[in-house]
There are 2 protein chains.
Amino acid sequence: MRLTTKGRYAVTAMLDLALHADNGPISLAGISKRQEISLSYLEQLFSKLRQNDLVSSVRGPGGGYRLSRPSEEIFVAQIVDAVNESIDATNCGGSGSCRNGATCLTHHLWCDLSEQIHDFLSGISLASLVARKDIQEVSERLDKEEALQQAEANSMQRITTASLG
Amino acid sequence: MRLTTKGRYAVTAMLDLALHADNGPISLAGISKRQEISLSYLEQLFSKLRQNDLVSSVRGPGGGYRLSRPSEEIFVAQIVDAVNESIDATNCGGSGSCRNGATCLTHHLWCDLSEQIHDFLSGISLASLVARKDIQEVSERLDKEEALQQAEANSMQRITTASLG
DNA sequence: TATATACCCTAGCATTCTACTCAGGTTTAA
DNA sequence: TTAAACCTGAGTAGAATGCTAGGGTATATA
């Protein structure tokens with residue numbers, strides 16, 4: 001079973017995409033700033049998300065990423081699967097060859113657990129997350145932070161330009 | 001979230017203990033043979049299980065380990081916790097300081113998932129595993145294998161002793 | 001009292017994975 | 001033409017896993 005920052009980052013980034021779906025393609029630079037995830041790392045994650053047909057990309061200026069289908073049809077389990085390869089809790093990948101080719105004593109237990117986690121994460125769509133009040137609140141906070149940083153950057157730019165001119 | 005061979009080995013070993021509870025203290029050597037887990041590794045795991053008061057030990061010949069309480073009162077979550085330290089799915093240990101001191105976008109989602117997994121594993125006692133037919137079948141197979149190996153070892157011993165005498 | 005069985009403890013180590021960085025591309029709107 | 005964006009592969013520090021090695025210490029039995 002693997003559920004680490006990798007999978008969490010992927011879900012966070014996809015949720016950011018869903019939250020800003022109305023603003024056209026979303027650049028990784030924007031996600032990077034809002035969610036504080038390294039840009040290069042995001043690029044690697046989105047490479048896998050694209051391979052798994054969860055997002056589509058638009059190249060060139062003004063480009064970015066879009067969800068490849070409505071947020072109602074994208075589930076957390078799919079995202080974690082895409083970057084982590086597996087949310088399987090068994091050691092044998094469910095094959096039952098965990099104790100030297102045969103079934104180990106606790107094989108069935110881990111199968112049950114895997115199913116449990118998978119069912120849970122498969123039942124949660126991006127749309128259902130977007131609808132949550134706690135998530136909306138956090139999202140608004142992050143948007144404001146980003147706007148503030150952008151304003152500061154612009155003001156620095158004006159000063160620099162003025163002193164150069 | 002961590003759920004790897006370490007936690008699986010620990011649960012397997014504890015289940016082995018529960019299955020052979022009637023035979024007095026169980027030696028790690030026996031568990032090592034039946035479950036094919038390295039003896040030294042088992043010693044490390046049992047050190048943690050003992051610290052967490054899940055097993056008690058008997059030293060000297062004929063010694064070994066015993067469950068520290070009835071198998072009805074020992075749950076899988078406790079075992080995984082003992083060796084893995086945490087089955088928490090969040091990055092912040094549940095504190096909500098996951099995005100630079102503040103709450104990240106998906107914090108609540110991972111909290112929910114952690115609760116889900118914990119509830120599941122907390123509901124499964126060693127006794128309920130012992131009662132499962134699929135586990136009984138695997139256990140019988142492993143006991144037979146061990147008995148067979150023991151018989152072979154004894155016969156080798158006789159040959160060696162005979163040739164020496 | 002000697003011996004062997006078993007628990008106990010610490011250190012180290014190869015391998016794997018994570019979470020990046022770096023250094024280059026290529027595409028395309030303006 | 002420029003620059004914003006996507007795209008790709010290689011490399012890397014640090015942490016964790018799953019061990020091994022080599023010492024103990026306690027105690028039942030001969």
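Each chain gets a letter, A, B and so on, in the order its sequence line appears, and its residues count up from 1.
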Please check: side-chain N/O of A/S71 versus main-chain N/O of A/L126, any donor-acceptor pairing under 3.5 Å?
no

Using whole Å, report how far [atom1] of [X] lies from [atom2] of [N].
X: B/L45; N: D/dT17; atom1: CG; atom2: P; answer: 11 Å
X: B/K48; N: C/dC8; atom1: NZ; atom2: P; answer: 16 Å
X: A/R66; N: D/dA5; atom1: CZ; atom2: P; answer: 14 Å
X: B/F46; N: C/dA6; atom1: CZ; atom2: P; answer: 15 Å
X: B/Q51; N: C/dC7; atom1: CD; atom2: P; answer: 16 Å
X: A/I37; N: C/dT18; atom1: CD1; atom2: P; answer: 16 Å
X: B/L28; N: C/dA6; atom1: CG; atom2: C1'; answer: 9 Å
X: A/L42; N: C/dC22; atom1: CG; atom2: P; answer: 16 Å

Looking only at side-chain N and O atoms, does [X] come under 4.0 Å of OP1 or OP2 in [N]?
X: A/S57; N: D/dC7; value: yes
X: B/Y9; N: D/dT17; value: no
X: B/T5; N: D/dG18; value: yes

Would you indicate which nucleotide in D/dC6, C/dA19, C/dC8 comes nearest to any side-chain atom of B/R50?
C/dC8

Do we see a donor-acceptor contact under 3.5 Å between the side chains of A/S114 and A/H118?
no

Under 3.5 Å, is there a donor-acceptor pair between the B/H20 and B/D143 side chains?
yes

Taking 4.0 angstrom as the limit, do B/E145 and B/R141 come out as a salt bridge?
yes

Of B/K6 and A/A29, the one whose closest DNA chain D nucleotide lies more 5'
A/A29

Using a heavy-atom cut-off of under 4.0 Å over every strand shown, decide if A/Y65 touches base, sugar-phosphate, or nothing.
sugar-phosphate

How close do A/V83 and A/K48 get, heavy atom to heavy atom, and via which atoms?
O-NZ, 3.7 Å

To the nearest 0.5 Å, tell me how far B/F46 CZ sits from B/L39 CG.
10.5 Å

Which letters describe nucleotides 20-30 of chain D, given B = protein heavy atom under 4.0 Å from base, S = only from sugar-phosphate, - = neither?
B---BBBBB--

Salt bridge (charged side-chain N to carboxylate O under 4.0 Å, His left out) partners of residues 107-130 of chain B, not counting sequence neighbours, each pair once:
A/R132-B/D112

